[in-house]
Amino acid sequence: MLSPRFLLLRSAASFTARSFCAAGGVSKPGTAPDMAEGDPLLHVSNVRNRLREIVGASRNWRDHQQAMSERLSLSSMLAKSQNDLPAKTMKDSSLEVHLPLGSEPQLREKYLTFHNTVRFGRILEDLDSLAVLISYSHTYNPTLKRSPLSIVTALVDKIDMRQHVIYPDCDIKFTGHVTWVGKTSIEAKMHMSQYVNGAYTPVLDATFVMVARDPENKRAAFVNPLKPEGPEEERLFQEGEANKSRRVALSTASLLKVAPTDEERKIVHSLFLNTLDTKTVSFRSRILPPNSVWMEDAKVKGLEICHPQERNIFNRIFGGFLMRKAYELGWANACSFGGCRPSLVAVDDILFQKPVDIGSLLLLSSQVCYTQGNHIQVRVHSEVFDPLTRQHNTTNVFHFTFFSDRDVPNIIPMTYGESMLYLDGKRHFNQTVEP
């Protein structure tokens, strides 16, 4: 039986969505005027279809091998150097895509949760597809029928939530463009807004880093340089340069490579001292402090069999699908740990280390690694398991910051490895929440 409190929360969410989205004086509740036109080129469902056309990918799984073999002939069309490619502007890659949840009620079921909110995992899928299309728009060559580039997601640098509520029956708009370019990599910034009270309200800002590879997806390929126009575009470009420098610095200082700082070592030792049993003189006798949970007891695991339905245009598992599954597992982890439904604050530093092949067994492990006040920092690790060789290979690492409507227990590491997870979680939390 559902608790009265749960039913009250569910009905309140439903009422809030209806009351806010109905404002604006449009013909349908939550319908934005620019979506009433129904332009199919702007529809979110057309993004992946457009990507298939750009690379010549097959719509049918049984034809994928032939489609991929045909792409091999495109290698000769790759630029020998970046200087051979014309510079592009940010306007060249600017896109606007609509998700008309208010205008087209039939779309809602795919995005709807049981609690009458929007599934954020589905939003992650749409953002991933849009980032790829933005990158292909930047590298577009009108003389070629198909693009020789294989553009894939390398990193989700940051997703910052500006609103914690996404209404299930209000239209959504995605906008974005390329903001920085290296020799073989592209940074794309995207913004999501929702039509509420007769106007678009910002919901989130996202920064993705994409990489271009050859038609076989085996080696790096050059992309068009970017030419900023005006002070604002120059600012965005310099911000992209700063983001790259920050990522290099964070990678250099990774706890998988170097020892913790002096301050971090003191934190770990303090945590250790707080768990010693004062009744014994032993390093091995540990007790759990009040209002605390051992890190070992704050994890959730999952398994996915990777079917062809979840493939991308290059017949590997779609990166957005991996993000959705990791987010939903991380959310469940935070929910069970905090004892209530958490809100997402930010997605930080999702690294795509290896592609996931169709047919793989994907193991997902979610761990609460740091807490502070009402905040819960969750790390999700994904790996592919080969049952024949018994080998495990890491494919992705995800970082999510959640907010609870109540104070949450302290998370306490017991081993040195868990202490490193704690410090890594604290670093991500500080970058996300603290100024």
Side-chain angles (χ1 to χ4, degrees), residues 120-121 123-128 131 153-164 166 176 179-180 185 187-192 202-210 239-240 242-257 264 298-299 319-320 322-335 337-338 342-353 364-382 394-404 408 411 420-435:
F120 189 75
I123 300 298
L124 289 174
E125 290 183 327
D126 292 337
L127 287 171
D128 191 52
T153 306
L155 174 75
V156 178
D157 187 69
K158 194 74 174 291
I159 300 178
D160 287 317
M161 302 300 298
R162 301 178 65 179
Q163 293 285 340
H164 294 302
I166 305 176
T179 52
W180 175 88
S185 57
E187 180 189 90
K189 283 190 181 295
M190 294 164 288
H191 310 280
M192 172 180 154
V203 176
L204 64 80
D205 302 316
T207 303
F208 281 49
V209 178
M210 322 300 290
E239 189 177 288
N243 289 339
K244 178 187 176 182
S245 300
R246 173 179 52 82
R247 289 191 292 267
V248 172
L250 290 175
S251 176
T252 303
S254 169
L255 292 168
L256 294 172
K257 299 178 181 178
E264 288 175 333
K299 62 176 63 176
L322 301 176
M323 285 194 284
R324 173 164 65 88
K325 288 299 180 179
Y327 167 77
E328 290 176 351
L329 186 69
W331 185 92
N333 193 185
C335 183
F337 180 84
S343 300
L344 180 67
V345 176
V347 181
D348 177 43
D349 194 23
I350 295 179
L351 183 63
F352 288 79
Q353 295 185 354
L364 295 162
S365 178
S366 176
Q367 173 74 70
V368 174
C369 54
Y370 182 76
T371 59
Q372 183 173 311
N374 295 56
H375 288 89
I376 306 171
Q377 188 69 35
V378 176
R379 180 183 189 268
V380 180
H381 176 269
S382 70
T394 297
T395 59
N396 304 83
V397 179
F398 308 83
H399 300 275
F400 303 104
T401 305
F402 294 99
F403 181 81
S404 173
V408 298
I411 196 76
M420 295 304 100
L421 279 177
Y422 181 92
L423 293 178
D424 186 63
K426 187 177 188 302
R427 288 182 179 184
H428 283 282
F429 175 80
N430 289 343
Q431 294 168 22
T432 299
V433 177
E434 295 187 353

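Fair warning: this is a prediction, and the values are worked out from it, not measured in the lab.
A salt bridge links D205 and R162; the closest N-O separation between the charged side-chain nitrogens and carboxylate oxygens is under 4.0 Å. Of the charged side-chain nitrogens involved, at least one lies within less than 4.0 Å of a carboxylate oxygen, so that D157 and R246 count as a salt-bridged pair.
Closest heavy-atom contact between A326 and V380: O-CG2, 3.6 Å. Shortest non-hydrogen contact noted between I159 and A206 is CG1-CB, 3.9 Å. Closest non-hydrogen pair, F402 versus G330, comes out as CE1-O, 3.8 Å. The two residues T432 and A346 make their nearest non-hydrogen contact at CG2-CB, 3.1 Å.
Using a 4.5 Å cut-off on side-chain heavy atoms (C-beta onward), I123 and R324 make no contact. When side chains are defined from C-beta on, T401 does not count as touching D348, because their heavy atoms never get closer than 4.5 Å. Side-chain contact between F403 and I376 is absent, with no heavy-atom pair separated by less than 4.5 Å. Side-chain contact check for I411 versus Y422: some heavy-atom pair is nearer than 4.5 Å. Looking at L322 and D128, their side chains never come closer than 4.5 Å, going by heavy atoms from C-beta outward. Put simply, the side chain of H164 does not reach to within 4.5 Å of the side chain of L344, judged on heavy atoms. The shortest side-chain heavy-atom distance between Q367 and V378 does not fall under the 4.5 Å cut-off. For the pair P342 and W331, the minimum side-chain heavy-atom distance is below 4.5 Å.
The aromatic rings of F398 and F400 sit parallel to each other, their planes meeting at less than 30°, with 60° as the upper class boundary. Ring geometry for H399 against H428 counts as parallel: the plane angle stays under 30°, on a 0 to 90° scale with 60° as the upper cut.
Looking at T207 and K158, their side chains never bring a donor and an acceptor atom within 3.5 Å of each other.
One distance of note links OG of S366 with OH of Y327; it measures 11.5 Å at 0.5 Å rounding. Expressed to the nearest 0.5 Å, how far OG of S365 lies from NZ of K299 amounts to 5.5 Å. Rounded to the nearest 0.5 angstrom, S343 OG and M161 CE are separated by 9.0 Å. Note that the OG1 atom of T371 and the CZ atom of F337 stand 5.0 Å from one another [nearest 0.5 Å]. Here the straight-line distance linking atom CG of N333 with atom CG of L364 works out to 12.0 Å at 0.5 Å rounding.
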Open item on the list: Apply side-chain contact (heavy atoms from CB on, under 4.5 Å) to residues L204 and F120 and explain how you reach the verdict.
Closed with: CA-CA 11 Å; L204 64 80; F120 189 75; 3.7 Å; yes

Original post:
After noting the C-alpha distance and the side-chain angles of M323 and V347, does the key distance pass the side-chain contact (heavy atoms from CB on, under 4.5 Å) rule?
Top reply: CA-CA 10 Å; M323 285 194 284; V347 181; over 6 Å; no

N374/S404 under side-chain hydrogen bond (donor to acceptor under 3.5 Å, both in side chains): CA gap, chis, key distance, verdict: CA-CA 5 Å; N374 295 56; S404 173; 5.3 Å; no

- Task: Apply the test side-chain contact (heavy atoms from CB on, under 4.5 Å) to residues N396 and Q353: give CA-CA distance (whole Å), side-chain angles for both, the deciding distance (0.1 Å), then the verdict.
- Result: CA-CA 6 Å; N396 304 83; Q353 295 185 354; over 6 Å; no

Steps toward side-chain hydrogen bond (donor to acceptor under 3.5 Å, both in side chains) verdict (H381, T394):
CA-CA 8 Å; H381 176 269; T394 297; 2.8 Å; yes

- request: Would you please test N243 and E187 for side-chain hydrogen bond (donor to acceptor under 3.5 Å, both in side chains) and show each step?
  value: CA-CA 9 Å; N243 289 339; E187 180 189 90; 3.1 Å; yes

**Study point:** Worked check of side-chain contact (heavy atoms from CB on, under 4.5 Å) between F208 and M210
**Key:** CA-CA 6 Å; F208 281 49; M210 322 300 290; 3.9 Å; yes

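By the side-chain contact (heavy atoms from CB on, under 4.5 Å) test, S254 pairs with L256, K257, sequence neighbours left out. L255 meets the side-chain contact (heavy atoms from CB on, under 4.5 Å) test with P260, E264, M420, L423, D424, R427; sequence neighbours excluded. Residues forming a side-chain contact (heavy atoms from CB on, under 4.5 Å) with S185 (at least two apart in sequence, or on another chain): W180, V211.
Aromatic rings of H375 and F429 (six-membered ring for Trp) have centroids within the 6.0 Å cut-off, being under it.
Checking each of T153, L155, I350, V156 against V209 for a side chain to side chain contact (heavy atoms under 4.5 Å, CB included) leaves exactly one that passes, namely L155.
Within 6.0 Å of NZ in K244 there are 12 or fewer heavy atoms belonging to other residues, nucleotides or ligands.
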